[in-house]
Amino acid sequence: MKFSIIAAVDDHLGIGKNNDLPWHLKADFKNFVAVTVGSGNNAVIMGSNTWRSLPRKFRPLKDRLNVVLNQDVNLELPAGVLLFTSLDQALASLATKNLTEVFVIGGARLYATAIEHPDCVKLYLTRILATFDCDVYFPALPDRFKLVSETEVQSEGDLKFKFLVYQTNPS
Ligand SMILES: NC(=O)c1ccc[n+]([C@@H]2O[C@H](COP(=O)([O-])OP(=O)(O)OC[C@H]3O[C@@H](n4cnc5c(N)ncnc54)[C@H](OP(=O)(O)O)[C@@H]3O)[C@@H](O)[C@H]2O)c1
């Protein structure tokens, strides 16, 4: 089952601190919703720490099938949220569901596995042009990912950022 990764990173590929995002960027939330909801019928896969990091009022993420990875199969989740113990198990199950797109949405541990997966074909990266105090990082991009689009630098408050898309087989 082909899938994409979506992440926001700082200058040093930092993505989080104390199980939270180090920044608050409305434009990035908006982009995250637009990309992952798309035209509907999409799934998002996340590690259990990322699930816990979502404010209760926002989880499960609406209009998307939510999938959580965790070793403990007794993790309590709301009805409709799927739980698997590995990325491959999750992808195998999602492959039977006739979904339009599947996104891995973090965090660091899941990104590290997902980016090396042969079915990971696209990467949506928000590059925040700043350095934050982070305790978790996005992995280095393997060479097979090629940049296919890049927006102008945008700003919100003091923050500057741009949206990049990478693909493994750009045509
Ligand atoms: N900037 C961004 O775009 C972005 C996006 C998402 C999250 N984040 C940040 O990332 C941080 C959380 O990242 P994290 O690395 O601590 O946690 P995580 O990847 O969200 O969750 C880790 C847990 O999920 C399970 N898991 C992860 N990958 C797995 C795999 N391949 N197979 C099976 N289980 C897997 C494991 O459960 P077990 O412990 O049971 O093994 C692991 O403990 C937070 O700071 C969050 O705010 C940032």
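Remember, it's a predicted structure, so these values are computed and weren't measured experimentally.
- Here L77 contributes atom CG and R59 contributes atom CZ; the two are 8.5 Å apart, rounded to the nearest 0.5 Å.
- The closest side-chain heavy-atom distance from F145 to C120 is below 4.5 Å.
- Note: the hydrophobic cluster containing M1 also contains I115 (ILVMFWY, side chain heavy atoms under 4.5 Å, direct or indirect links).
- For the pair V165/L123, no side-chain contact is recorded, criterion being any heavy-atom separation below 4.5 Å from C-beta on.
- Of all heavy-atom pairs between P78 and P60, the closest is CG-CD, 4.2 Å.
- The local environment of CG in D143 is sparse, with at most 12 non-hydrogen atoms from other residues, nucleotides or ligands closer than 6.0 Å.
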Worksheet item: For T36 and R64, what are the C-alpha separation, side-chain angles and deciding distance, and is it a side-chain hydrogen bond (donor to acceptor under 3.5 Å, both in side chains)?
Response: CA-CA 8 Å; T36 57; R64 288 146 284 183; 2.9 Å; yes
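- In this structure, L82 and N66 have side chains that are not in contact, with every pair of non-hydrogen atoms separated by 4.5 Å or more.
- Interatomic distance, S4 OG to I6 CD1, rounded to the nearest 0.5 Å: 8.5 Å.
- Nearest approach of A90 to L69, heavy atoms of both residues: CB-CD2, 3.9 Å.
- For the pair L65 and N42, the minimum side-chain heavy-atom distance is 4.5 Å or more.
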Discussion item. Please determine whether side-chain hydrogen bond (donor to acceptor under 3.5 Å, both in side chains) holds for the pair Q89 and S93, giving the CA-CA distance in whole Å, both sets of side-chain angles, and the decisive distance to 0.1 Å.
Written reply: CA-CA 6 Å; Q89 270 184 19; S93 170; over 6 Å; no
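- Counting only distance, with no hydrogens or angles, the side chain of Q167 and the backbone of K146 share no donor-acceptor pair below 3.5 Å.
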Worksheet item: What's the verdict on side-chain contact (heavy atoms from CB on, under 4.5 Å) for V81 and W51, showing C-alpha distance, side-chain angles and the deciding distance?
Response: CA-CA 11 Å; V81 177; W51 168 263; 4.0 Å; yes
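- Between L61 and I105, the closest side-chain pair of non-hydrogen atoms falls below 4.5 Å.
- Contact check on R127 versus D10 returns no salt bridge, with no Lys/Arg side-chain nitrogen under 4.0 Å from an Asp/Glu carboxylate oxygen.
- Nearest heavy-atom pair, P139 versus L13, reported as atom, atom and distance to 0.1 Å: O-CD1, 3.9 Å.
- Taking 4.0 Å as the cut-off between side-chain N and carboxylate O, K17 and D135 do not count as a salt-bridged pair.
- Considering all non-hydrogen atoms of both residues, I15 and G107 come closest at CD1-C, 4.2 Å.
- Looking only at side-chain heavy atoms (C-beta outward), F103 and I45 stay at 4.5 Å or farther from each other.
- Note on V9 and I128: separate hydrophobic clusters, where clusters join Ile, Leu, Val, Met, Phe, Trp and Tyr whose side-chain heavy atoms are under 4.5 Å apart, directly or indirectly.
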Worksheet item: Should S48 and L75 be marked as a side-chain contact (heavy atoms from CB on, under 4.5 Å) after you check the CA-CA gap, both sets of side-chain angles, and the distance that decides it?
Response: CA-CA 9 Å; S48 51; L75 179 71; 4.3 Å; yes
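- Residues L125 and Y166 meet the side-chain proximity criterion, which asks for heavy atoms closer than 4.5 Å.
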Worksheet item: Going through the distances and angles, do T126 and D28 end up as a side-chain hydrogen bond (donor to acceptor under 3.5 Å, both in side chains)?
Response: CA-CA 7 Å; T126 306; D28 187 48; 2.6 Å; yes
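- Nearest heavy-atom pair, E150 versus K162, reported as atom, atom and distance to 0.1 Å: OE2-NZ, 2.7 Å.
- Hydrophobic cluster membership is shared by L110 and V102, with clusters built from Ile, Leu, Val, Met, Phe, Trp and Tyr side chains linked at under 4.5 angstrom.
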Worksheet item: Between F161 and V153, is a side-chain contact (heavy atoms from CB on, under 4.5 Å) present by the stated rule, with each step listed?
Response: CA-CA 5 Å; F161 55 93; V153 174; over 6 Å; no
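- A side-chain contact (heavy atoms from CB on, under 4.5 Å) with F3 is found for exactly one of H117, E101, K122, namely H117.
- A heavy-atom distance below 4.5 Å is not found between the side chains of R144 and V121.
- Between M46 and the options V67, V104, L54, a side-chain contact (heavy atoms from CB on, under 4.5 Å) holds for only L54.
- Among all heavy-atom pairs drawn from L87 and A114, the shortest one is CD2-CA, 3.8 Å.
- Taking the six-membered ring for Trp and the full ring otherwise, the centers of H12 and F132 sit at least 6.0 Å from each other.
- Between the side chain of N19 and the backbone N or O of N49, at least one donor-acceptor pair lies under 3.5 Å.
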